[in-house]
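Chain A is the first sequence line, chain B the second, and so forth, proteins listed ahead of strands; every chain is numbered from 1.
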2 protein chains.
Amino acid sequence: MSKCEQCIVRQFSSLKALGKDELLRMAECKTSYTIKKGEPIFEEGEVTNGIYCIKDGVCKLSKLSDNGKDQIVKLVKPGELLGQRSMISDEPANLSAVALEDMEVCFIPRTEVMQFFTQNNQFSMNVMRTICDDLKGADDHMVNMAQKNVRQRLAETLIYLEETFGKNEDDTLRIQLSREELAGMIGTATESCIRLLSELNKSGYIELIGKKIKLLDKNKLKRLS
Amino acid sequence: MSKCEQCIVRQFSSLKALGKDELLRMAECKTSYTIKKGEPIFEEGEVTNGIYCIKDGVCKLSKLSDNGKDQIVKLVKPGELLGQRSMISDEPANLSAVALEDMEVCFIPRTEVMQFFTQNNQFSMNVMRTICDDLKGADDHMVNMAQKNVRQRLAETLIYLEETFGKNEDDTLRIQLSREELAGMIGTATESCIRLLSELNKSGYIELIGKKIKLLDKNKLKRLS
DNA sequence: CTCAAAATATGATAATTGTCATACATTTTT
DNA sequence: AAAAATGTATGACAATTATCATATTTTGAG
């Protein structure tokens, strides 16, 4: 059983407010998992009963729409927590969490987190701020979905992916999404997504190297979006 | 200066957790406003420095998109609070709040609310739950915006409006939105909205009586959405 | 390595939606 | 009451996007 004190999640998440004794307690009751690319951490409707700390790997939070398509609501990266909203609302998960890469996560039971939550004011304030940020992000995202066309949303998403998850040595996007997943992020049909990628490729905005994507002119892309 | 004890907002919002002494303090520092239909309570980007209690009347929360159109994110009705997220994040408002009807609201300064927030655990828990509900609502809304077409979103919105704000004696929707505002809710061009209303009218789903809308067959509408 | 399955790509076409023009109705101002 | 302004409605058309069909390429199992 490893310590929580040096963990990346502690440094970047609400957990940074926890003291030494709290970290020790947490280290004792936590469960560590490795999750393979494509596997779920939890599914929409599932009772999670705790929060997950993302130590390594990126996952998608998505929701199945009535039309059978999976809409990706958010991507979550190492250092972040999952399941905070469900814990506070005391509700089943509203979204599914599925690994986009091999992941390392820790699970901390609800009972434990709620203790920190009521006893440690700074911690609860941090959690709340995170949820507020999510709310702001969701509102903004919604406006984009409603008001921008697919090309604009694609351009915006590509820039977001590069800025958030960085580039490989060959300047391609480090985060690897299938065309279907990319379509699920921008909210369109897979074919439309592929077609627009081709178009951006031909007009020199991006370069397609196999399944990898390189942004050639971020400023031009920004003007598109 | 009226008391807060019997106020509708106290009964329905996070404020129900406040005790007698807290309500007295609040009554002393609050400011009451009447706001005319069409006037803003606050605008996107404005520093609000407190929360608003909606005593009477409905308002829209909207955000200006890059393309110049106003997207309505949420409607807020009597008994609810405004500005909780901004208060906790300590940020300017992300959305504008504009009255859809004549309104009565009270303003409570940030300093006062934050005192309740740190001293009264039940109150802060209530606020948090509200924000969590908003987050869930925003995520769900986003999925609808991304995955449903305009006709489905219109049908869904009409049902929402009837179920949330009720009907007049003639069975028309009580809440009165302009076509432009309705278009702003479903995220489409005003003309498209008008056209689809006409179409639903002709096919017997709804009846248009001047600017008023009557839902004729809610089940058929539900199947549409 | 080889074959089957899955993912990516593209064409053809239809459906949806946006835009601009214009007409008509309602509200507000003078 | 007339005129102007605003909101609603509709037609014509263009642009966008979805759907279905079908290659082509890549991946993974055996």
Reading nucleotides 23-30 of chain D from 5' to 3' and marking B where a protein heavy atom lies under 4.0 Å of the base, S where only the sugar-phosphate is that close, and - otherwise, the string is ---SS---

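For the pair A/Ser178 and B/Arg153, both in contact range of DNA chain C, the more 5′-proximal nearest nucleotide belongs to A/Ser178.
Tested against B/Lys220, the residues B/Leu216, B/Asp217, B/Leu224 include a single side-chain contact (heavy atoms from CB on, under 4.5 Å) partner, B/Asp217.
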message: Pair B/Glu156, B/Lys222 - check salt bridge (Lys or Arg N to Asp or Glu O under 4.0 Å), show working.
response: CA-CA 7 Å; B/Glu156 201 173 30; B/Lys222 260 185 190 139; over 6 Å; no

request  = Quick one: do A/Arg174 and A/Glu101 satisfy side chain to side chain contact (heavy atoms under 4.5 Å, CB included)? Show the steps, please.
outcome  = CA-CA 11 Å; A/Arg174 205 188 60 70; A/Glu101 312 167 339; 3.8 Å; yes

_Checking A/Leu82 against A/Cys59 for the side chain to side chain contact (heavy atoms under 4.5 Å, CB included) test, could you report, in this order, the C-alpha distance in whole Å, the side-chain angles of both residues, the deciding distance, and whether it holds?_
CA-CA 10 Å; A/Leu82 280 187; A/Cys59 73; 4.0 Å; yes

- [ ] Determine, step by step, whether A/Met103 and A/Ile41 satisfy the side chain to side chain contact (heavy atoms under 4.5 Å, CB included) criterion, reporting the C-alpha distance in whole Å, the side-chain angles of both residues, the deciding distance to 0.1 Å, and the verdict.
- [x] CA-CA 10 Å; A/Met103 299 183 75; A/Ile41 304 177; 4.0 Å; yes

#### Entry: Residues B/Val105, B/Lys55; criterion side chain to side chain contact (heavy atoms under 4.5 Å, CB included); working and verdict
CA-CA 5 Å; B/Val105 307; B/Lys55 274 164 66 180; over 6 Å; no

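In the displayed structure, B/Gln152 atom CD is contacted under 6.0 Å by more than 12 heavy atoms of other residues, nucleotides or ligands. Sparse packing is recorded around CD of A/Glu180, with 12 or fewer heavy atoms of other residues, nucleotides or ligands lying under 6.0 Å away.
Atoms CD (B/Gln147) and C1' (C/dT17) sit 17 Å apart, rounded to a whole Å. Computed from coordinates, the B/Leu177 CG to D/dT6 C1' distance equals 17 Å when rounded to whole Å. A straight line from CD1 of B/Ile209 to C1' of D/dT8 spans 16 Å, rounded to a whole angstrom. If you take CG of B/Leu208 and P of D/dT8, they are 11 Å apart, rounded to a whole angstrom. Note: CD (B/Glu180) to P (C/dT19) measures 13 Å, nearest angstrom. Between the CD atom of A/Gln176 and the P atom of C/dT8 there is a distance of 9 Å, rounded to whole Å. Atom-to-atom, NZ of B/Lys212 to C1' of C/dT26 comes out at 15 Å; the value is rounded to the nearest Å. For B/Asn149 and D/dT16, the CG to P distance is 19 Å, given to the nearest whole Å.
Between the side chains of B/Asn94 and A/Asp140, at least one donor N or O sits under 3.5 Å from an acceptor N or O. Judged purely by distance below 3.5 Å, without hydrogens or angles, the side chains of A/Asp66 and B/Gln147 never pair a donor atom with an acceptor atom.
For the pair B/Lys148 and D/dT17, the criterion of a side-chain N or O lying under 4.0 Å from OP1 or OP2 is not met.
Recorded end-axis angle for the helix from C/dC1-D/dG30 to C/dT30-D/dA1 stands at 50°, based on five pairs per end and rounded to 10 degrees.
Between B/Tyr160 and B/Phe165, the angle of the ring planes goes over 60°, which puts this pair in the perpendicular group of the 30/60° scheme.
Less than 4.0 Å separates DNA chain D from at least one heavy atom of each of the following residues of residues 181-207 of chain B: B/Glu191, B/Ile194, B/Arg195, B/Ser198.
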